[in-house]
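Just so we're clear, the structure is a prediction, and the values are computed from it rather than from any experiment.
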Amino acid sequence: MSLSGGLKDGGELRIYDTVDELATDLADYIAELSEVSVKERGFFAIAISGGSLISLMGKLCEAPYNKTIDWAKWYILWADERVVAKNHVDSNYKLAKDGLLSKVPVVPGHVYSINDSMSAEEAATEYEFVLRQLVKTRIVGVSECSDCPKFDLILLGMGPDGHIASLFPNHSALDEKDEWVTFITDSPKPPPERITFTLPVINSASNVAMVVTGGSKAEAVHLAIDDMGPDCPQLPARMVCPTNGKLVWFLDRLAASKLEAPEFAK
Ligand SMILES: O=C1O[C@H](COP(=O)(O)O)[C@@H](O)[C@H](O)[C@H]1O
């Protein structure tokens with residue numbers, strides 16, 4: 001790692017010279033959290049996103065991780081999903097299956113993809129029901145401060161507009177306080193119909209990792225992390241702030257290039 005530091009709100013910033021270094025450290029980070037969760041709870045409840053994150057998780061398919069991780073204890077959900085068929089090129093499930101899940105010995109019954117034969121609204125309702133069953137059986141933990149699920153790890157990417165999962169800037173889904181999973185039909189990024197975990201669920205996790213690479217995201221990284229004073233934008237990525245959990249940003253040099261602290265922006 002080329003640089004690491006603490007953030008004001010207790011989060012951690014890790015900046016890497018190369019995407020390859022980032023991917024290796026990300027794999028170590030995930031493997032360590034998996035080991036701790038399996039030791040403490042008997043399960044590892046992880047929610048993943050789509051996009052560039054999946055290829056950045058690719059080292060998990062290689063030695064030593066493919067052999068050393070206790071894959072049978074993994075329970076995998078999606079922080080967001082596009083409402084398309086599971087074999088559609090836009091499906092976050094397909095992306096993860098092709099790029100990761102088909103290459104490691106996860107238990108197919110522990111992989112919770114959305115029902116792709118429903119409307120976005122119905123799919124969100126059903127996905128929340130599935131999540132409620134997992135919380136009831138404590139496969140997914142429960143937050144000490146609310147009845148929200150407490151994932152061992154939620155992995156998020158971020159778009160150049162600062163969106164995370166399928167929570168977009170200035171969208172009413174950002175205000176959702178009661179539902180665990182909500183839906184949108186007007187995503188500014190295609191495809192328009194999506195389901196997404198809400199902020200209360202994301203912020204109830206034990207660990208949240210924001211994994212962001214590339215210069216096209218540097219401005220959004222700056223707006224999400226730097227002290228912006230009273231003109232602070234309502235950027236979804238800035239609203240990620242786990243109540244009793246730990247936030248770690250994984251950035252490459254390009255994504256970090258507009259951070260204000262000079263040691264980070266080098
Ligand atoms: O549409 C989405 O975009 C974000 C960011 O994707 P990236 O390719 O720019 O990393 C992703 O995290 C989310 O899961 C996905 O649905």
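The side-chain heavy atoms of Lys258 and Val221, taken from C-beta on, include no pair separated by under 4.5 Å. Side-chain contact between Asp147 and Trp180: present, with at least one pair of heavy atoms (C-beta onward) separated by less than 4.5 Å. Counting heavy atoms from C-beta on, the side chains of Val211 and Leu22 come closer than 4.5 Å. Annotation: side chain of Ile164 is in contact with side chain of Leu199 (closest heavy-atom distance under 4.5 Å). The shortest side-chain heavy-atom distance between Ile30 and Met57 falls under the 4.5 Å cut-off. When side chains are defined from C-beta on, Ile69 does not count as touching Phe44, because their heavy atoms never get closer than 4.5 Å. Under the 4.5 Å side-chain criterion, counting only non-hydrogen atoms from C-beta, Arg238 is not in contact with Leu223. The closest side-chain heavy-atom distance from Ile195 to Ser166 is not below 4.5 Å.
For Lys97, there are no side-chain hydrogen bond (donor to acceptor under 3.5 Å, both in side chains) partners two or more places apart in sequence or in a different chain. Applying the side-chain hydrogen bond (donor to acceptor under 3.5 Å, both in side chains) test to Trp74 and every residue at least two apart in sequence or in another chain returns Ser34. When the salt bridge (charged side-chain N to carboxylate O under 4.0 Å, His left out) test is applied to Glu193, no partner is found at least two apart in sequence or on another chain. Looking at residues two or more places apart in sequence or on another chain, you find no side-chain hydrogen bond (donor to acceptor under 3.5 Å, both in side chains) involving Lys217. Checked against side-chain hydrogen bond (donor to acceptor under 3.5 Å, both in side chains), Ser143 has the following partners two or more places apart in sequence or in another chain: Ser146.
Residue Asp226 holds its CG atom at 9.5 Å from CG of Leu7, rounded to the nearest 0.5 Å. Atoms OG and CG, on Ser52 and Leu95 in that order, are 9.5 Å from each other to the nearest 0.5 Å. For the atom pair OH (Tyr65) and CG (Leu60), the distance works out to 7.5 Å, reported to the nearest 0.5 Å. With rounding to the nearest 0.5 angstrom, the CG atom of Leu53 is 9.5 Å from the CG atom of Asn92. Within the model, atoms CZ of Phe129 and CG of Leu134 stand 10.5 Å from one another, a figure rounded to the nearest 0.5 Å. With rounding to the nearest 0.5 angstrom, the CZ atom of Phe250 is 12.0 Å from the CG atom of Leu156.
Listed by first and then second residue, the salt bridge (charged side-chain N to carboxylate O under 4.0 Å, His left out) pairs that reach into residues 77-94 are Asp80-Arg194, Lys86-Asp116, Lys94-Asp98, sequence neighbours excluded. Residue pairs meeting the salt bridge (charged side-chain N to carboxylate O under 4.0 Å, His left out) criterion with at least one member in residues 68-78, sequence neighbours excluded: Asp70-Lys73. Sorted by first and then second residue, the salt bridge (charged side-chain N to carboxylate O under 4.0 Å, His left out) pairs involving residues 159-168 (not counting sequence neighbours) form an empty list. The stretch residues 103-112 participates, sequence neighbours left out, in these side-chain hydrogen bond (donor to acceptor under 3.5 Å, both in side chains) pairs: Tyr75-His110. The list of salt bridge (charged side-chain N to carboxylate O under 4.0 Å, His left out) pairs with a residue in residues 27-50, not counting sequence neighbours, reads Glu35-Lys39, Arg41-Asp152. Applying the side-chain hydrogen bond (donor to acceptor under 3.5 Å, both in side chains) test to residues at least two apart or on different chains, none of the pairs has a partner in residues 197-214.
For Glu144, the CD atom counts as densely surrounded, since its 6.0 Å shell holds more than 12 non-hydrogen atoms of other residues, nucleotides or ligands. Asn170 CG: 12 or fewer foreign heavy atoms inside a 6.0 Å radius.
Taking every heavy atom of both residues into account, Pro169 and Pro236 meet most closely at N-CG, 3.5 Å. Listed here is the closest heavy atom pair of Ser257 and Ala218: OG-CB, 3.5 Å. Nearest heavy atom pair, residue Thr185 against residue Ala120, reads CG2-CB, 4.5 Å. The minimum heavy-atom distance between Ala224 and Ala237, with the atom names listed, is CB-CB, 3.9 Å. Across all non-hydrogen atoms, the minimal contact from Asn244 to Cys145 is ND2-SG, 3.1 Å. Between Pro191 and Ser187 the shortest heavy-atom distance is O-CB, 3.6 Å.
Note on Val36: it does not cluster hydrophobically with Phe43, by side-chain heavy-atom contacts below 4.5 Å among ILVMFWY residues. At a threshold of 4.5 Å between side-chain heavy atoms, the hydrophobic network of Ile, Leu, Val, Met, Phe, Trp and Tyr places Val130 and Val142 in one connected group. In the hydrophobic clustering of ILVMFWY residues, with side-chain heavy atoms under 4.5 Å counting as a link, Phe168 and Val240 come out apart. Both Ile48 and Leu153 sit in one connected hydrophobic cluster of ILVMFWY residues. Membership requires side-chain heavy atoms under 4.5 Å apart, directly or through other members. Linking ILVMFWY residues whenever their side-chain heavy atoms come closer than 4.5 Å, directly or via other members, places Met239 and Met158 in the same cluster.
Looking only at distances, a side-chain donor or acceptor of Ser49 sits under 3.5 Å from a matching main-chain atom of Leu155. Glu126 contributes no side-chain N or O that, together with a main-chain N or O of Glu128, makes up a donor-acceptor pair within less than 3.5 Å. Looking only at distances, a side-chain donor or acceptor of Tyr127 sits under 3.5 Å from a matching main-chain atom of Trp78. Between the side chain of Glu179 and the backbone N or O of Thr182, no donor-acceptor pair lies under 3.5 Å.
Considering Thr24, Leu251, Asp25 as possible partners of Tyr16, the one that fulfils the side chain to side chain contact (heavy atoms under 4.5 Å, CB included) test is Asp25.
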*How far apart are the C-alpha atoms of Asn115 and Glu122, what are their side-chain angles, what is the distance that settles it, and do they pass the side-chain contact (heavy atoms from CB on, under 4.5 Å) test?*
CA-CA 9 Å; Asn115 186 329; Glu122 290 165 339; over 6 Å; no

*Report the C-alpha distance between Val140 and Phe151 in whole Å, list the side-chain angles of each, state the deciding distance to 0.1 Å, and finish with yes or no for side-chain contact (heavy atoms from CB on, under 4.5 Å).*
CA-CA 6 Å; Val140 176; Phe151 279 88; 4.2 Å; yes

*Given side-chain contact (heavy atoms from CB on, under 4.5 Å), test Leu26 with Lys59 step by step and report yes or no.*
CA-CA 9 Å; Leu26 180 64; Lys59 301 261 181 205; over 6 Å; no

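In this structure, Val84 shares a hydrophobic cluster with no other residue, the cluster being traced through Ile, Leu, Val, Met, Phe, Trp and Tyr side chains under 4.5 angstrom apart.
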